[in-house]
Amino acid sequence: MPEAISALSATELRVAYRSGTLSVREVAAACLKQTERLDPRIKAFLHIDPAAVLSRAVKLDERRAELIDSPLYGIPVALKDNISTAGTPTTCGSHILEGYIPIYDAGVVEGLERNGALPFGKTNLDEFAMGSSTENSAYGPTRNPWDTTRVPGGSSGGSAAAVSARMVPIALGSDTGGSIRQPAALTGVIGLKCTYGLISRYGLVAYASSLDQIGPIARSVEDIALTLEAIAFNDPRDSTSLSDPRGGRYLNALDRPVTGLRAGLPAEFFGEGIDPKMRTSVLEAVKTLEKLGIKVEECSLPSLRHSLPAYYILAPAEASSNLARFDGIRYGPSADVPDIIEQYSATRGSGFGAETQRRILLGTFVLSSGYYDAYYLKAMKVRRLIRNELQKAFEKYDFLISPTTPDTAFRFGEKTADPLQMYLSDICTIGANLAGIPALSIPCGLIEGLPAGMQLWGPHFGERTLLGVAKSYLDASGCNGLRPQILKDGQL
Amino acid sequence: MTEYELVVGIEIHAQLLTKSKLFCACPNRFGDRPNANTCPVCLAHPGVLPVVNRAAIEKLVKAGLALNCKVNEISRFARKNYFYPDLPKGYQISQYEMPVCTDGRLDVTDSDGKQRTIRIRRIHIEEDAGKLLHEGVRSGSLVDLNRAGTPLMEIVTEPDFRSVDEVYDFLTQLRRILRYLKVCDGNMEEGSMRCEPNISIRPRGTEALGVKVELKNINSFKAARRGIEYEVIRQTLMLDRGEKLRQETRGWDENKEESFLMRVKEDAHDYRYFPDPDLPPLKLDSAWIEEIRKTTEELPRPRKERIIKEYGLNEADADVLCSEFAIIDYFETAARKAGDGKLTANWVMGEVLRAVKAGGTIESFPVRPDRLAELVKLIRTGRISSTIAKKVFELMLTSPNSPEAIVEAEGLGIVSDEKAIAEAVALIISENPEQVRQFLEGKDKVMGFLVGQGMKKMKGKADPAILNRLMKEAVEKSRA
């Protein structure tokens with residue numbers, strides 16, 4: 001039964017490797033089998049090369065003695081397709097990078113390989129990580145393993161779905177405004193966006209550089225911690241990369257007592273715009289936290305109301321510049337038009353999808369002379385305000401609690417007609433990106449058969465606290481390892 | 001008719017002499033095969049990030065200090081957005097609102113000797129673009145990105161120039177300073193230093209600035225002079241005819257010696273500058289700036305004043321020696337070793353520069369300063385005469401041997417043997433009875449001729465003092 005093995009967490013696999021009951025090759029084969037079985041329905045992967053995965057697995061088996069103590073030895077890790085992988089296509093879910101094969105590995109890919117991990121295919125995403133449903137992928141949407149008529153969230157929808165459907169224990173996503181946490185919440189798994197700078201962005205195809213962070217998606221908190229040990233390091237190739245002042249260990253943070261911690265419940269995330277059932281679900285979870293000895297009190301973060309508009313000025317502004325390099329000159333498809341200006345517009349006009357073009361236009365506009373002060377500069381001020389307000393909140397609280405999303409997974413097409421509706425999916429997650437702080441989404445139960453996510457916000461470099469709280473909560477609540485519908489369908 | 005006054009401000013782009021590019025480790029070197037010096041970063045592959053080259057910042061700070069600028073402890077990189085095939089990222093990383101250096105100045109001298117201060121508004125760092133090649137291709141262009149990402153600094157002056165001579169003096173001084181500091185090689189013909197004057201005129205006595213024209217494609221000091229002079233005439237004629245000037249960018253056509261319209265202000269790009277989110281603010285430690293200030297090479301002006309004092313040279317000689325960093329360095333090394341500034345200066349300005357001019361550079365000149373110093377010492381101690389020294393110098397151009405060894409080998413040392421010299425003197429006197437008679441009749445000048453003949457006979461090697469004495473004695477003797 002392939003799922004039995006592919007459903008194991010990285011932590012469980014490590015035990016099996018140590019005792020010698022499993023080989024990396026067996027695990028790789030099981031994950032490939034599960035992918036082969038389910039991915040035709042889920043469509044989590046854009047590229048997967050089974051032969052390459054197996055031959056890498058065999059090589060890892062040969063290097064067992066050398067790597068067995070590494071945090072991710074023999075662990076299959078899927079990568080969002082905006083993370084550069086030498087020799088493997090990296091499309092960013094866009095036609096404009098069709099046929100592009102990178103010649104270099106991202107910093108995180110090197111980190112994974114240094115730590116014995118088995119890179120396992122590239123996952124689907126909204127084009128250039130712009131979206132909240134994977135419906136913006138040029139290669140078709142990914143489906144939610146809990147209900148294939150619904151979106152898995154986005155933009156890291158492929159990564160979240162692959163983990164949720166037990167194709168891999170761990171996947172990397174990227175999070176600019178909630179792109180790890182929102183799909184993790186919608187598919188019933190765990191997703192962490194780290195402190196800005198903790199994980200190298202070298203090799204992450206930039207959407208909005210000042211907000212982008214790579215991070216892990218997994219089904220157990222231990223697995224999230226293990227991944228951090230492999231990918232959180234100071235990378236000299238990323239000038240915004242930082243060293244964790246508390247050192248590079250995360251696994252030992254899980255056993256820390258949570259009793260006596262203080263948590264804030266910002267009223268702004270429990271009112272208008274949040275589905276009452278979602279509110280109830282998170283407030284139930286809060287009761288469990290209180291039972292664990294955490295002191296929870298209501299608080300207010302009034303400037304967070306401005307997160308969404310500030311984000312939709314700053315992110316598109318940076319995107320409009322970041323995406324200028326896709327001009328058809330050095331890589332990717334190129335329109336065959338003699339005039340250079342027409343060549344640019346034809347290449348970019350057909351290469352980028354509608355949402356990407358919308359954001360490029362929006363960003364170009366807000367940076368234009370005469371509008372810069374009114375939009376970009378003002379949004380930067382709002383951002384500072386939000387950062388300060390959160391910093392102040394963390395003088396009082398060890399962490400904050402909110403829903404991860406206003407609602408559970410929505411149906412395909414439900415929000416595509418109205419971009420603003422789609423943008424509102426990120427209303428709970430964007431603040432952490434603007435402030436550069438870590439935020440973790442964990443499952444907190446089901447609403448009408450669909451997963452709900454609770455988000456824990458921490459101060460800069462507060463990952464350990466969040467992981468410790470998450471571990472205690474999941475152990476106490478029984479929300480560990482929620483199994484999506486697709487695993488119960490048919491042959492199983 | 002209205003009399004107009006010229007108002008010019010200039011922007012100078014200078015390529016920095018660093019080993020690697022501004023944001024990646026690729027060599028900052030020209031002349032290689034197209035696209036040989038590229039990597040994912042300067043090719044703008046998806047996902048790459050820039051990392052600032054500290055050496056480039058150091059050069060910029062050096063230049064800033066030399067131009068009396070304020071070096072800002074915090075500055076920012078900004079993106080200048082525009083599309084062009086030689087610009088891989090679709091934006092140039094530059095500096096906009098917070099450059100590294102601000103508020104500098106440099107004094108210039110007008111043709112009538114008047115000194116004026118030119119204020120420098122800012123100096124910032126930015127990356128250069130690649131090159132498009134149009135040759136040898138049936139259709140379309142080829143892109144060479146070897147230059148993409150190499151470090152440039154841009155110096156912007158205030159519109160403080162009031163004459164072409166001031167501009168010329170500024171550029172000459174600037175070029176010399178940058179070369180002294182090894183910041184830039186200052187080669188305008190090859191484009192390592194590029195200058196764009198902003199030129200306007202206004203009725204003399206008025207304060208408001210006129211409508212400016214930015215002049216591009218200036219690739220020599222001469223072109224800068226001609227271009228500005230041309231613009232003054234063009235603009236004056238237009239105003240005199242009652243026409244209105246437009247703010248525009250014009251190009252300088254070197255062959256036709258005229259400017260042509262490139263674009264008017266309305267067509268100017270909106271570059272959508274914004275702070276580069278990939279690069280945190282550039283923080284320069286004040287101790288580091290001080291360190292650079294202390295270790296910065298001596299600048300042309302103070303150096304000239306010092307060598308005048310230290311070696312007892314006159315202003316004109318000092319000017320020649322200080323015209324190039326390499327020359328003054330060569331001179332000082334040689335002069336210190338030789339222990340005679342004046343004599344060394346004469347040799348450097350004479351034989352050395354003449355030989356260098358015939359081909360090559362002073363850096364690669366075969367007679368290194370220490371060998372020249374040895375030669376000067378041989379003259380000073382009377383081992384050889386100046387005439388012989390010239391011969392030795394000639395031989396040194398092709399021989400690696402010390403001048404001492406050459407003198408030895410060629411038997412060029414001074415002859416002090418009185419018997420040998422007396423024989424030569426006797427011969428000269430018997431060969432030149434007419435001149436001897438003239439001398440005895442009171443024509444003192446003839447003695448020079450006779451001694452010269454004697455020296456010639458001795459192949460220039462006779463000790464001049466002994467030769468002089470013996471010649472005089474012999475001539476006097478013949479009077480009896």
Side-chain angles (χ1 to χ4, degrees), chain A residues 82-84 90-92 97 100 102-104 106-107 128 197 200-206 208-212 235-241 314 317-318 320-332 338 340-341 343-345 348 363-372 376-377 380, chain B residues 22-25 35 38-54 76-93 96-97 129-130 132 138-145 148 268-283:
Chain A
N82 60 352
I83 296 172
S84 186
T90 300
T91 65
C92 296
L97 277 174
Y100 165 68
I103 58 169
Y104 78 102
F128 287 104
S200 168
R201 291 188 299 114
Y202 186 76
L204 171 66
V205 181
S209 317
S210 74
L211 302 159
D212 296 340
D235 189 341
R237 295 164 300 183
D238 174 1
S239 305
T240 61
S241 169
L314 297 176
E318 293 182 23
S320 71
S321 174
N322 283 334
L323 270 57
R325 70 188 56 197
F326 303 107
D327 56 6
I329 305 272
R330 280 146 297 122
Y331 40 75
I340 187 66
I341 300 297
Q343 196 268 140
Y344 287 145
S345 25
R348 291 165 64 81
T364 305
F365 175 75
V366 299
L367 288 176
S368 298
S369 107
Y371 298 99
Y372 180 85
Y376 183 84
L377 222 52
M380 285 297 271
Chain B
L22 186 50
F23 297 115
C24 63
N35 299 309
T38 57
C39 72
V41 174
C42 55
L43 291 173
H45 278 204
V48 296
L49 295 169
V51 177
V52 179
N53 176 355
R54 204 170 169 76
R76 272 227 74 137
F77 290 97
R79 292 186 184 177
K80 179 179 180 177
N81 295 285
Y82 66 94
F83 285 98
Y84 204 64
D86 68 4
L87 189 70
K89 293 189 291 297
Y91 59 84
Q92 176 196 32
I93 305 179
Y96 190 56
E97 280 176 326
L132 292 191
R138 244 171 298 194
S139 70
S141 305
L142 296 173
V143 187
D144 174 11
L145 296 175
H269 281 291
D270 180 355
Y271 290 118
R272 289 172 284 119
Y273 281 101
F274 75 108
D276 191 330
D278 287 332
L279 293 163
L282 180 67
K283 293 196 176 107

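The chains referred to below are lettered A, B, ... by the order of the sequence lines, with proteins before strands, and numbering in each begins at 1. Keep in mind that the numbers below use all heavy atoms, side chains included, and drop hydrogens, waters and symmetry copies.
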key: Heavy-atom donor-acceptor pair, A:Y104 side chain to B:H45 backbone, under 3.5 Å   =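 Flag not set: sc A:Y104 to bb B:H45 has no pair under 3.5 Å.
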When the ring planes of B:F83 and A:Y344 are compared, do they come out parallel, tilted or perpendicular, using 30° and 60° as the limits?
->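 Because their plane-to-plane angle lies in the 30° to 60° range, the rings of B:F83 and A:Y344 count as tilted.
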Heavy-atom contact with chain B under 4.5 Å, split by part of [X]:
X	value
A:Y376	side chain
A:L204	backbone
A:A317	backbone
A:F326	side chain

Value rounded to 0.5 Å, distance of [atom1] in [X] from [atom2] in [Y]:
X	Y	atom1	atom2	value
A:I340	B:L132	CD1	CG	8.5 Å
A:S368	B:D270	OG	CG	5.0 Å
B:T38	A:R330	OG1	CZ	11.0 Å
A:L367	B:R79	CG	CZ	10.0 Å

Among the listed options [options], the residue most often paired with chain A at heavy-atom distances under 4.5 Å:
options	value
B:P40, B:P88, B:P50, B:P280	B:P88
B:C39, B:G90, B:P277	B:P277
B:N81, B:V52, B:L87, B:V41	B:N81
B:Y273, B:F274, B:Y91, B:Y82	B:F274
B:D276, B:L43, B:L49	B:L49

*Heavy-atom closest contact (B:D278 atom, A:T240 atom, distance)*: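 Reported closest heavy-atom pair: O-CG2, 3.8 Å.
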Item checked: Exercise: identify the closest heavy-atom pair between A:Y331 and B:A44 ->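 That closest heavy-atom pairing would be OH-O, 2.5 Å.
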Leading residue by heavy atom contact count with chain B [cutoff under 4.5 Å; candidates [options]]:
options	value
A:P236, A:S321, A:C92, A:S320	A:S321
A:T364, A:L323, A:D212	A:T364
A:N322, A:L211, A:T90, A:N82	A:N322
A:D327, A:L97, A:V205, A:I83	A:V205
A:G332, A:S369, A:S239	A:S239

Self-check item: Residue list, salt bridge (charged side-chain N to carboxylate O under 4.0 Å, His left out) with A:D238, at least two apart or on another chain
Solution: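 Testing A:D238 for salt bridge (charged side-chain N to carboxylate O under 4.0 Å, His left out), a comparison that skips the adjacent residues, returns A:R201.
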Sequence neighbours left out, what passes salt bridge (charged side-chain N to carboxylate O under 4.0 Å, His left out) with A:R325? Give chain and number order.
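Expected list: none.
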